[in-house]
Amino acid sequence: MSRKERLRRGLAVLSVLVLFGLMWVLPHKADEKTAGGDSSPSVEQKLAEAVRDIQQGTNPMEGIRKLREILEEDPDNIEALTAMGYFSLMSGQGEKAVARFKQILELQPDNQEAWFFMGDALMMQADTPGAINAYKTFLDVATDSAAKEKARTLIESLE
């Protein structure tokens with residue numbers, strides 16, 4: 001298996017893991033926020049519903065529409081930007097993913113997830129130097145040793 005194929009497989013596995021992580025975290029955040037009994041859906045609830053719509057594949061465009069609504073109300077909503085960037089990445093829309101992750105990094109320069117996904121998006125666009133720089137920045141801000149090791153492996157495979 002070539003280095004490029006290993007890198008793509010590793011990226012695919014990592015993407016699936018992150019997707020499942022989003023599935024787990026977002027619905028639980030929504031449950032915590034709505035425990036007070038408010039009848040109107042919270043932003044977190046809308047976000048969780050949108051992610052579920054997309055991930056379950058039952059109505060992905062409805063999920064995207066919900067994410068866009070959230071961003072219309074709050075253009076700086078990090079969770080919605082992350083989900084939109086991630087789904088852009090997963091659907092092969094590297095340019096859109098880069099734009100979303102840049103927006104996040106303007107708001108939160110130390111956002112670990114955004115730096116890692118920015119590297120993935122730049123790699124998708126064949127911007128190897130940019131991807132390497134994003135992964136190196138990720139190494140500077142990351143705290144998880146397993147994620148840092150994955151980034152080091154990606155950097156080595158790209159250099």
Side-chain angles (χ1 to χ4, degrees), residues 11-144 147-148 150-151 154-155:
L11 180 58
V13 168
L14 181 64
S15 297
V16 168
L17 292 174
V18 170
L19 184 62
F20 283 116
L22 282 172
M23 279 176 50
W24 177 256
V25 171
L26 294 176
H28 286 82
K29 282 186 179 180
D31 292 345
E32 292 168 10
K33 297 281 184 175
T34 58
D38 187 2
S39 63
S40 63
S42 68
V43 171
E44 288 82 7
Q45 240 181 343
K46 288 180 190 176
L47 187 60
E49 289 172 10
V51 170
R52 267 192 302 252
D53 287 346
I54 295 167
Q55 289 173 336
Q56 291 175 353
T58 53
N59 199 351
M61 291 314 294
E62 178 65 14
I64 295 296
R65 185 191 61 74
K66 288 175 185 175
L67 289 172
R68 286 185 179 145
E69 283 178 7
I70 293 168
L71 290 171
E72 283 176 18
E73 293 174 24
D74 179 9
D76 296 338
N77 184 297
I78 298 298
E79 290 83 8
L81 287 168
T82 300
M84 287 291 282
Y86 181 75
F87 292 124
S88 294
L89 188 62
M90 294 309 299
S91 63
Q93 299 175 49
E95 259 184 65
K96 287 183 180 181
V98 167
R100 296 291 186 189
F101 295 125
K102 275 185 182 177
Q103 189 175 354
I104 293 167
L105 292 168
E106 287 172 5
L107 298 166
Q108 293 181 346
D110 290 341
N111 187 305
Q112 298 172 46
E113 190 174 30
W115 277 115
F116 193 90
F117 286 144
M118 177 64 86
D120 292 350
L122 291 167
M123 192 167 50
M124 178 181 284
Q125 292 190 285
D127 181 355
T128 302
I132 291 170
N133 286 334
Y135 292 133
K136 284 182 177 179
T137 303
F138 170 80
L139 289 175
D140 292 338
V141 298
T143 55
D144 181 85
K148 288 175 95 165
K150 180 68 177 171
L154 287 168
I155 292 167

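- When all heavy atoms of G119 and Y135 are compared, the closest pair comes out as C-OH, 3.3 Å.
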- [ ] May I have the step-by-step check of side-chain contact (heavy atoms from CB on, under 4.5 Å) for M84 and K96, ending in yes or no?
- [x] CA-CA 9 Å; M84 287 291 282; K96 287 183 180 181; over 6 Å; no
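- For the atom pair E113 CD and Q108 CD, the distance stands at 10.0 Å (nearest 0.5 Å).
- To the nearest 0.5 Å, atom NZ of residue K150 and atom CD1 of residue I155 are 12.0 Å apart.
- Rounding to the nearest 0.5 Å places NZ of K136 at 6.5 Å from CG of N133.
- For the residue pair S91 and Q93, the shortest heavy atom distance occurs at OG-NE2, 2.9 Å.
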Only pairs under 3.5 Å count here: list side-chain donor-acceptor contacts from residues 123-132, not counting sequence neighbours, and write none if there are none.
unit_1, atom_1, unit_2, atom_2, d
D127, OD1, G130, N, 2.8

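- For the atom pair L89 CG and T82 OG1, the distance stands at 12.0 Å (nearest 0.5 Å).
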- [ ] Take L67 and F87 through the side-chain contact (heavy atoms from CB on, under 4.5 Å) test and state the conclusion after the steps.
- [x] CA-CA 11 Å; L67 289 172; F87 292 124; 4.3 Å; yes
Contacts table for residues 70-78: side-chain donor-acceptor under 3.5 angstrom, sequence neighbours left out:
unit_1, atom_1, unit_2, atom_2, d
E73, OE2, K46, NZ, 3.3
D74, OD1, D76, N, 3.2
N77, OD1, E79, N, 3.1
N77, OD1, A80, N, 2.8

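- The two residues A121 and G94 have their closest heavy-atom pair at CB-O, 4.1 Å.
- Contact annotation: the side chain of F101 never approaches that of L122 to less than 4.5 Å [non-hydrogen atoms, C-beta and beyond].
- Rounding to the nearest 0.5 Å places CE of M90 at 9.5 Å from CG of D120.
- Within 6.0 Å of NZ on K148 lie more than 12 heavy atoms contributed by other residues, nucleotides or ligands.
- For the atom pair CG of L105 and CZ of R100, the computed distance is 14.0 Å after rounding to the nearest 0.5 Å.
- Residues Q103 and L81 share a closest heavy-atom pair of OE1-CD2, 3.3 Å.
- Across all non-hydrogen atoms, the minimal contact from A97 to S88 is N-CB, 3.7 Å.
- Using cut-offs of 30° and 60° on the angle between ring planes, the pair Y86 and F117 is tilted.
- Other residues, nucleotides and ligands contribute more than 12 heavy atoms inside 6.0 Å of the CD atom of E62.
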